[in-house]
Amino acid sequence: LLTSALLEQPPPKGRREEIRDTQSPLILRVTEQGGRCFVVRTRIKGQKQPIRVAHAALVHASALDEARAWAMATVAACRRGEDPRAIKAAQKETSAKLERNKFRAVVANFLKRHAAKNRGCAESKRVLELYALPRWGEWQIADIRRADVAALLDDIEVRAFKGPGGKLYGGPVMADRVLAQLRKVMNWHAARDSDYVSPIVK
């Protein structure tokens, strides 16, 4: 039986060990180096070869109940014919794609791969970091709509854009410069991602 007291003990070193829980399919796996992880061993419906699936949570007494629930859910999914490894891989890819498509990540990639080749790279970087990244840095680039661009440019044009320390920046000329940089970034990204359409129109 896996208990809180057992999980709080220092793991033994020098031997591999697997301790099975009596309340769920959960297994505590201990490596020769003393590393520990929660796993389950089960079969996917229609397949003869058993699989081992590791839980992402750290081994700790506070995680025991959640790990037991995960173990039962994993076994149930396998009995339905679902492969938790494929699901995990798909989730990982989705997470990586979301990170790549954050506006700050797209801007960083644009500056590195495209703008760095041009003389105006430093100015592009300055304009984007001052005016665009504070507002949209953590947004998905696809979530930036035409109205969002218009609202940002309006603030800049009438010098209502607040920068570091609350200082107001902008003006009509700067609004045009920001628009030009945003158009470059978004068109560059659209050329690399068939699912993306720039919100900026002529």
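These figures come from a predicted structure and were not determined experimentally.
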task: Answer yes when E93 and K88 have at least one side-chain N-carboxylate O distance shorter than 4.0 Å, and no when they do not.
output: no
query: So do I44 and R85 actually touch side chain to side chain, heavy atoms under 4.5 Å?
result: yes
Considering all heavy atoms, the nearest V149-P199 contact: CG2-CG, 4.3 Å
- prompt: Hey, are R126 and E129 close enough for a salt bridge, meaning a charged N less than 4.0 Å from a carboxylate O?
  reply: no
message: Is there a path of hydrophobic side-chain contacts, each under 4.5 Å between heavy atoms of I/L/V/M/F/W/Y residues, joining M174 to L179?
response: yes
query: What is the minimum heavy-atom distance between P11 and G34, and which atoms define it?
result: CG-O, 3.1 Å
Charged N-O contact under 4.0 Å between R135 and D155: yes
- prompt: Y196: what forms a ring-ring contact (aromatic ring centres under 6.0 Å, His included) with it, not counting sequence neighbours?
  reply: H189
message: With clusters defined by side-chain heavy atoms of hydrophobic residues (ILVMFWY) lying less than 4.5 Å apart, directly or transitively, does V75 cluster with L26?
response: no
- request: Heavy atoms only: give me the nearest R100-V106 pair and the separation to one decimal.
  value: O-CG2, 3.6 Å
- request: Report the distance from atom CH2 of W70 to atom CG of D65, rounding to the nearest 0.5 Å.
  value: 15.0 Å
Whether over 12 other heavy atoms sit under 6.0 Å from K125 NZ: no
query: Do V30 and E18 have side-chain heavy atoms sitting under 4.5 Å apart?
result: no
task: Answer yes or no: is there a side-chain heavy-atom contact under 4.5 Å between N101 and D193?
output: yes
message: How close do T74 and P84 get, counting heavy atoms only, and between which atoms?
response: CG2-CG, 4.1 Å
statement: Correct closest heavy-atom pair for P164 and Y169 would be CD-CE1, 4.0 Å
message: Would you say E66 and H55 are linked by a side-chain donor-acceptor pair, where the criterion is simply a distance under 3.5 Å?
response: yes
field: Side-chain heavy-atom pair D21, R68 within 4.5 angstrom cut-off
entry: yes
task: Search all heavy atoms of C121 against all heavy atoms of L111 and return the closest pair with its distance.
output: SG-O, 4.3 Å
message: Heavy-atom count check: over 12 atoms from other residues, nucleotides or ligands less than 6.0 Å from R80 CZ?
response: yes
- prompt: Measuring from F103:CZ to W139:CH2, what's the distance to the nearest 0.5 Å?
  reply: 10.5 Å
- prompt: Do R192 and R113 pass the side-chain contact (heavy atoms from CB on, under 4.5 Å) test, and can you show the C-alpha distance, the side-chain angles, and the key distance before you say yes or no?
  reply: CA-CA 12 Å; R192 299 167 63 89; R113 295 177 177 271; 3.8 Å; yes
task: Quick one: pull up CG in D176 and CD in E157 and give me the separation to the nearest 0.5 Å.
output: 7.5 Å
query: Going hydrophobic residue to hydrophobic residue with side-chain gaps under 4.5 angstrom, can you get from L182 over to V127?
result: yes
task: Report yes or no: do V39 and V53 belong to one cluster of Ile/Leu/Val/Met/Phe/Trp/Tyr joined by side chain heavy-atom distances under 4.5 Å?
output: no
- request: Using the side-chain hydrogen bond (donor to acceptor under 3.5 Å, both in side chains) rule, take N187 and R183 through it: C-alpha gap first, then chi angles, then the decisive distance, then the call.
  value: CA-CA 6 Å; N187 285 346; R183 179 181 287 112; over 6 Å; no
Side-chain cluster (under 4.5 Å, hydrophobic types only) that M72 belongs to, other residues: none
Student check: side-chain heavy atoms of L58 and F38 closer than 4.5 Å: no
Hydrophobic cluster identity match, L7 and I19, side-chain contacts under 4.5 Å: yes
query: Is it true that R104 and E138 make a salt bridge, defined as a side-chain N closer than 4.0 Å to a carboxylate O?
result: yes
- prompt: Does Q140 use its side chain to pair, donor to acceptor, with the backbone of L98 at less than 3.5 Å?
  reply: yes
task: For the residue pair L1 and R20, establish whether any side-chain heavy-atom pair is separated by less than 4.5 Å.
output: no
- prompt: Any sub-3.5 Å donor-acceptor pair from R43's side-chain atoms to K48's backbone N or O?
  reply: yes
message: Between E17 and R29, does any NZ, NE, NH1 or NH2 come within less than 4.0 Å of an OD or OE carboxylate oxygen?
response: no
- prompt: Hey, is the main chain of Q91 close enough, under 3.5 Å, to the side chain of S95 for a donor-acceptor pair?
  reply: no
- request: Taking the side chain as every heavy atom from C-beta outward, state whether I144 and M186 have any pair of such atoms under 4.5 Å apart.
  value: yes
- request: Please lay out, stage by stage, how V201 and R146 fare under the test side-chain contact (heavy atoms from CB on, under 4.5 Å).
  value: CA-CA 8 Å; V201 294; R146 194 172 304 163; 3.4 Å; yes
statement: Here the gap from S4 atom OG to Q9 atom CD, rounded to the nearest 0.5 Å, amounts to 11.5 Å
field: Sub-4.5 Å side-chain heavy-atom contact between I51 and T42
entry: yes
query: Can you tell me how far the CZ atom of R79 sits from the NZ atom of K45, to the nearest 0.5 Å?
result: 12.0 Å
task: For W188 and N109, run side-chain contact (heavy atoms from CB on, under 4.5 Å): C-alpha distance rounded to whole Å, both residues' side-chain angles, the deciding distance at 0.1 Å, then the answer.
output: CA-CA 10 Å; W188 177 83; N109 205 17; 3.6 Å; yes
